[in-house]
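Computed from a predicted model, the values in this text were never measured in an experiment.
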Amino acid sequence: MGQKEAIVRFYEELNDFLPPLRRKRPFPYRFFGAPAIKDVIEALGVPHVEVDLVLVNGVSVDFEYHLNAGDRISVYPVFESVDITPLIRLRAKPLRNTRFILDVHLGKTAKLLRMLGFDTLYRNDFSDDEIVELAVNQQRIILTRDKGLLKIGRVTHGYWIRSPKPKYQIDEILNRFDLFTQIKPFHRCTVCNNLVQEVKKEHIEDQLEIKTRQFYNEFFICPGCNRIYWKGSHYTRMKETIHRVLAKKKPKMERSVI
């Protein structure tokens with residue numbers, strides 16, 4: 001059988017995965033046989049979990065669609081804030097009870113997400129298999145700097161973080177998933193991810209330093225790792241970080257699937 005050709009175009013942030021000459025424009029894709037559209041998308045460098053809608057000749061298809069010569073393919077990113085159910089999604093609804101699991105490169109970002117109150121699993125020795133297993137079983141969104149992790153077939157929800165710097169990564173995540181209304185600062189332990197609980201001073205007084213006992217009366221404890229929290233100088237610094245994050249909220253932009 002001879003070589004065939006289809007025309008492909010990727011939209012919005014999916015272009016981040018493409019070389020410059022293929023971004024924001026239709027380009028030819030040459031192939032043999034009848035490959036599945038999922039395989040075509042990933043062969044072009046885009047993880048399937050970043051895709052929420054594929055139109056072939058104007059009609060929505062699933063990942064099992066097999067490519068034909070002359071097909072015109074439009075590939076769109078995950079629409080977390082736009083309901084495209086009538087157009088048929090490629091997966092279940094977005095995980096609106098937002099819970100994350102982060103790869104080993106994102107320790108500082110995990111701490112920031114927990115500080116903002118988000119349920120965030122992280123361990124610096126997680127294997128890829130462990131991350132995928134936990135994400136699937138606990139319905140968590142995988143956040144990663146490793147594109148290959150998102151191409152694993154069992155992964156259903158994930159996002160490749162573009163920025164290498166934690167302070168920009170947190171802004172990117174909050175804007176990407178529209179999480180600003182879900183922020184609950186200081187509700188979660190930044191070390192082990194458990195929800196903290198208020199504790200009476202007299203119950204933990206013997207664990208406090210002299211000046212902390214003298215100047216502070218309100219305390220919280222993590223039931224998981226027994227870490228104690230209070231509104232000291234670290235609390236002020238954390239509040240400043242939160243104010244900076246909230247100031248980075250971007251206005252919503254409408255997306256068209258036409």
Side-chain angles (χ1 to χ4, degrees), residues 1-95 101 103 127-162 176-177 254-258:
M1 280 185 123
Q3 191 178 57
K4 305 172 187 176
E5 182 177 289
I7 301 299
V8 184
R9 177 168 177 173
F10 289 88
Y11 286 83
E12 303 294 343
E13 59 265 32
L14 295 182
N15 286 280
D16 293 345
F17 297 96
L18 303 177
L21 291 177
R22 287 181 168 177
R23 292 175 186 169
K24 300 182 180 181
R25 67 186 68 184
F27 59 87
Y29 178 78
R30 296 178 179 88
F31 60 97
F32 293 94
I37 194 69
K38 177 178 179 288
D39 295 333
V40 171
I41 289 169
E42 294 203 324
L44 289 167
V46 179
H48 69 277
V49 294
E50 294 266 348
V51 176
D52 211 23
L53 178 68
V54 178
L55 301 180
V56 176
N57 304 321
V59 178
S60 175
V61 299
D62 62 22
F63 282 133
E64 301 306 312
Y65 175 85
H66 289 271
L67 212 57
N68 294 302
D71 280 345
R72 298 191 68 86
I73 302 156
S74 301
V75 188
Y76 297 88
V78 174
F79 290 80
E80 284 293 326
S81 354
V82 180
D83 183 10
I84 61 168
T85 304
L87 295 173
I88 306 177
R89 304 180 76 95
L90 296 176
R91 64 182 55 76
K93 291 181 179 179
L95 300 178
I101 183 166
D103 74 13
S127 68
D128 286 357
D129 287 341
E130 286 176 304
I131 290 173
V132 172
E133 189 72 20
L134 287 165
V136 171
N137 291 339
Q138 298 182 17
Q139 292 191 300
R140 292 181 179 273
I141 298 170
I142 296 174
L143 300 179
T144 181
R145 287 279 295 152
D146 177 8
K147 299 176 189 176
L149 179 57
L150 299 183
K151 293 182 180 181
I152 296 174
R154 294 183 65 208
V155 176
T156 60
H157 292 78
Y159 177 67
W160 174 58
I161 295 179
R162 276 64 167 169
R176 174 65 184 78
F177 293 98
E254 293 186 2
R255 290 177 175 173
S256 171
V257 294
I258 303 301

*Counterpart residues, side-chain hydrogen bond (donor to acceptor under 3.5 Å, both in side chains), relative to Asp16 (two or more places apart)*: Arg162
_Just so I know, are the side chains of Arg22 and Leu44 near enough to count as touching, which here means a heavy-atom distance under 4.5 Å?_
yes
*Is there side-chain contact between Asn68 and Val56, with at least one heavy-atom pair below 4.5 Å?*
no
_Pro28 versus Ile7, closest heavy-atom pair with distance_ = CA-CD1, 3.9 Å
*Non-hydrogen atoms of Asp146 and Asp103 that approach each other most closely*: N-OD2, 3.9 Å
*Mind checking what makes ring pair (Phe, Tyr, Trp, His ring centres under 6.0 Å) contact with Tyr29, not counting sequence neighbours?*
none
_Nearest-0.5 Å distance that lies between atom CD in Glu64 and atom CG in Asp62_ = 6.0 Å
*So do Arg176 and Glu13 actually touch side chain to side chain, heavy atoms under 4.5 Å?*
yes
*Any idea which heavy atoms bring His48 and Val155 closest together, and the distance?*
NE2-O, 2.8 Å
_Spacing of CD1 belonging to Ile131 relative to CD1 belonging to Ile101, to within rounding of 0.5 Å_ = 5.5 Å
*Compare all side-chain heavy atoms of Val75 with those of Leu14 and state whether any distance is below 4.5 angstrom.*
yes
_On a heavy-atom basis, which atom in Leu21 and which in Arg25 lie closest, and how many Å separate them?_
O-CD, 3.2 Å
*Which of parallel (below 30°), tilted (30 to 60°) and perpendicular (above 60°) describes Trp160 and Phe17?*
tilted
*State which residues pass side-chain hydrogen bond (donor to acceptor under 3.5 Å, both in side chains) with Asn137; sequence neighbours excluded, sorted by chain then number.*
Glu133
*Mind checking the NZ-CD spacing from Lys24 to Glu12? Nearest 0.5 Å is all I need.*
8.0 Å
*When rounded to the nearest 0.5 angstrom, what distance separates CZ in Arg154 from CG in Asp129?*
8.5 Å
*List the atom of Phe10, the atom of Ile41, and the distance in Å for their closest heavy-atom pair.*
CE2-CG2, 4.2 Å
_Could you check whether any side-chain N or O of Arg23 sits under 3.5 Å from a backbone N or O of Leu18, counting only pairs where one atom can act as donor and the other as acceptor?_
yes
*Who are the side-chain hydrogen bond (donor to acceptor under 3.5 Å, both in side chains) partners of Asp71, not counting sequence neighbours?*
Asn57, Tyr65
*Apply side chain to side chain contact (heavy atoms under 4.5 Å, CB included) to Ile161 and list each qualifying residue two or more places apart in sequence or on a separate chain.*
Leu106, Leu143, Arg145, Tyr159, Gln169, Glu172, Ile173
_Could you walk me through whether Ser60 and Leu53 satisfy the side chain to side chain contact (heavy atoms under 4.5 Å, CB included) test, starting with their C-alpha distance in whole Å, then the side-chain angles of each, then the deciding distance to 0.1 Å, before giving a yes or no?_
CA-CA 7 Å; Ser60 175; Leu53 178 68; 3.8 Å; yes
Just distance, no hydrogens or angles: give the donor-acceptor pairs under 3.5 Å from side chains in residues 30-40, sequence neighbours left out.
| unit_1 | atom_1 | unit_2 | atom_2 | d |
| --- | --- | --- | --- | --- |
| Arg30 | NE | Glu5 | OE1 | 3.2 |
| Arg30 | NH2 | Glu5 | OE1 | 3.2 |

*Under 4.5 Å between any side-chain heavy atoms of Pro77 and Asp52, yes or no?*
no
*Within-4.5 Å side-chain heavy-atom neighbours: Ile142 and Leu150*: yes
*Who are the side chain to side chain contact (heavy atoms under 4.5 Å, CB included) partners of Ser74, not counting sequence neighbours?*
Tyr11, Leu55, Tyr76
*Closest non-hydrogen atom pair, Lys4 against Ala69*: CB-CB, 3.9 Å
